Amino acid sequence: MFHDTRDHTADAQASVTPEHPAHPDRVADWLLAGLELKSTLFHVGEYCGVYQASTAGHQRASFHVVLDGASYLHIGANAGQPARTISLSTGDAVFLLSDIPHALTPSATPPADLSTRAGTMTPLPPQPRIPPTGTPSVALACGFFEFRTDLDALVLGMLPNPIIARRASGRLEGMTQVFTLIQAEARRPGDTPSPLLARLTDLLFYYALREAVHAEDIAPGMWRLMRRDAFGRLAAAIIESPGERWTTDTMAEFVHMSRARFCKQFAEIGGQPPAQFVTLVRMKTAAALLRAGASLPDAAEQVGYQSESAFAQAFKRVTGIQPGAWRRQASHTVSPPAATASATVSTAPAAYPLH
């Protein structure tokens, strides 16, 4: 039990359940709501033989989708995480949410220098070709992406990095269907990538985010915290009712822990204090309300603020702009849904040397 002085045995036993998928699924849907991709730049082609490819070094989030073949993704030590190697095969996708050192190679042995580039990416033929025996090959769709607001970036900071989507997992049939469409569009004849690749990869990212819920190797952070049943239930409750008075004491009571133990475990596993998470949830909710046309006083009240000035200060601290400016910006911006966000597809040689 969490408390010797309380009779919460059943709740405590549920709370210490190592992983509980129901609540992260709900949190994943919350994360997806309102998330808007701003742009995507594509480069599609294949490598045969020895190669070392990467999208690192441009200060942007990026992705790689394996259209055919296999490859190894080598990720350098970053943000306290050790270097690691991940095997990728046809239908797998990796989304790097920040610019981290990495390289794709045909070998499971990490290269001595991740910044080195080798090999030439050639255009994809209309049909997959069989390489000579013993010659490694891989067809890739790669590019960059970013999100519309600082708030989106903060929300993404809660996620594991990178996000790996496995076609072979079989959990998300929609993801498999999207990948099949990506394969077909990638091999369309022409000198420039199909503009539909942008929309399809947006969708693939959202499926990948849902797939991340079930990953077994999640690094410490908010996402791992969500998978602990006690904290998952708490997160779901805060998302459901952001206007409630979520103090440290009420949150500790919710999970049947002492205040000290609650704060310690939340910070150790989640990497941030609980009050910071509550503020992020409230501001994300408020941003959606303002975008939908709610007045500032109404938005403030619905996320638990009695003072409009206190709400405005918190909103600006999290998003970087005043809530009134956010509301005006949303009302004057005609943008497609996130899944069909506009993409930048170069009609000339790519502005960034992706490989």
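In what follows, every heavy atom counts, from backbone to side chain, and hydrogens, waters and symmetry copies are set aside. Treat the numbers as computed from the prediction; the structure is a model and nothing was measured.
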Asks: How close do Ile321 and Phe315 get, counting heavy atoms only, and between which atoms?
Replies: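 Distance-wise, the nearest heavy atoms are O-CD2, 3.3 Å.
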Asks: Rounded to the nearest 0.5 Å, how far does CZ of Phe311 lie from CD of Gln322?
Replies: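 Here the interatomic distance stands at 10.0 Å.
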Asks: Has Glu185 got a side-chain atom pairing as donor or acceptor with Leu197's backbone, closer than 3.5 angstrom?
Replies: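 It does not hold such a pair.
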Asks: Between Thr90 and Phe179, is any pair of side-chain heavy atoms under 4.5 Å apart?
Replies: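 Contact flag for Thr90/Phe179 side chains = yes.
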Asks: May I ask you to decide if Leu97's main-chain N or O and Asn161's side chain share a donor-acceptor pair within less than 3.5 Å?
Replies: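 A pair under 3.5 Å: yes.
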Asks: Check for a donor-acceptor pair, side chain of Ser307 on one end and backbone N or O of Ala310 on the other, with a separation under 3.5 Å.
Replies: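 It does hold such a pair.
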Asks: So with a 6.0 Å cut-off around OH of Tyr305, is the heavy-atom count from everything else above 12?
Replies: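 Yes, the 6.0 Å shell around OH holds more than 12 heavy atoms from other groups.
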Asks: Starting at CZ of Phe63, measure out to CD1 of Ile163 and round the result to the nearest 0.5 Å.
Replies: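 One finds 13.5 Å between CZ of Phe63 and CD1 of Ile163.
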Asks: Using atom types as modelled and distance alone, determine if a side-chain donor or acceptor of Trp326 lies under 3.5 Å from a backbone N or O of Lys316.
Replies: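 Here the side-chain-to-backbone pair does not exist.
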Asks: Using atom types as modelled and distance alone, determine if a side-chain donor or acceptor of Thr250 lies under 3.5 Å from a backbone N or O of Arg245.
Replies: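 At least one qualifying donor-acceptor pair exists.
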Asks: Would you name the heavy atoms of Tyr51 and Ser71 that are closest together and state the gap between them?
Replies: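 Of all heavy-atom pairs spanning Tyr51 and Ser71, the closest is OH-OG, 2.9 Å.
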Asks: Can you name the nearest heavy-atom pair linking Ala56 to Pro101, along with the distance?
Replies: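 That closest heavy-atom pairing would be CB-CA, 4.3 Å.
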Asks: Checking Val255 against Arg228 for the side-chain contact (heavy atoms from CB on, under 4.5 Å) test, could you report, in this order, the C-alpha distance in whole Å, the side-chain angles of both residues, the deciding distance, and whether it holds?
Replies: CA-CA 11 Å; Val255 297; Arg228 301 296 181 94; over 6 Å; no
Asks: Quick one, Val65 with Arg167, criterion side-chain contact (heavy atoms from CB on, under 4.5 Å). Give me CA distance, side-chain angles, the key distance, then yes/no.
Replies: CA-CA 11 Å; Val65 180; Arg167 186 187 188 189; over 6 Å; no
Asks: Go through the steps for Met257 and Phe231 under the test side-chain contact (heavy atoms from CB on, under 4.5 Å), then give the verdict.
Replies: CA-CA 11 Å; Met257 292 185 184; Phe231 292 113; 3.9 Å; yes
Asks: Would you check if Asn78 and Arg84 make a side-chain contact, meaning some heavy-atom pair closer than 4.5 Å?
Replies: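 Asn78 vs Arg84: side chains apart.
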Asks: Going by heavy atoms in the side chains, are Met251 and Val278 under 4.5 Å from each other?
Replies: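 The answer is yes; the side chains approach within 4.5 Å.
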Asks: Would you say the side chain of Leu209 lies within less than 4.5 Å of the side chain of Phe95, judging by non-hydrogen atoms?
Replies: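 A side-chain contact is absent here, since even the closest heavy-atom pair is not under 4.5 Å.
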Asks: When rounded to the nearest 0.5 angstrom, what distance separates CD in Glu46 from CG in Leu67?
Replies: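 The CG atom of Leu67 is 9.5 Å from CD of Glu46, to the nearest 0.5 Å.
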Asks: In this structure, is the centre-to-centre distance between the rings of Phe145 and Phe205 below 6.0 Å?
Replies: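 That pair passes the under 6.0 Å test.
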Asks: Please test Arg233 against Phe254 for side-chain contact (heavy atoms from CB on, under 4.5 Å), starting from the C-alpha separation and ending with a verdict.
Replies: CA-CA 9 Å; Arg233 288 185 289 110; Phe254 187 97; 4.1 Å; yes
Asks: Could you tell me if the side chain of Glu146 sits less than 4.5 Å from the side chain of Arg60, heavy atoms only?
Replies: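 Yes, their side chains come closer than 4.5 Å.
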Asks: Enter the distance from Ile86:CD1 to Ile164:CD1 here, rounded to the nearest 0.5 Å.
Replies: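 Output value for this atom pair is 4.0 Å.
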Asks: Is the shortest side-chain heavy-atom distance between Ile239 and Lys284 below 4.5 Å?
Replies: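 Side chain of Ile239 against side chain of Lys284, heavy atoms only: no contact under 4.5 Å found.
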Asks: Provide the closest heavy-atom pair for Leu204 versus Ala93 in the form atom of the first, atom of the second, distance.
Replies: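 In this case the closest contact between Leu204 and Ala93 is CD2-CB, 3.7 Å.
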Asks: Test His74 against Ser107 for side chain to side chain donor-acceptor pair (under 3.5 Å), laying out the working first.
Replies: CA-CA 10 Å; His74 307 284; Ser107 172; 5.8 Å; no
Asks: So, do Asp298 and Leu289 sit near enough that their side-chain heavy atoms are less than 4.5 Å apart?
Replies: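 The answer is no; the side chains never approach within 4.5 Å.
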Asks: Would you say Asp99's side chain and His58's backbone share a donor-acceptor pair under 3.5 angstrom?
Replies: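 Such a contact is found between Asp99 side chain and His58 backbone.
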Asks: Could you check whether any side-chain heavy atom of Val94 comes within less than 4.5 Å of a side-chain heavy atom of His102, counting everything from C-beta outward?
Replies: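 Side chain of Val94 against side chain of His102, heavy atoms only: no contact under 4.5 Å found.
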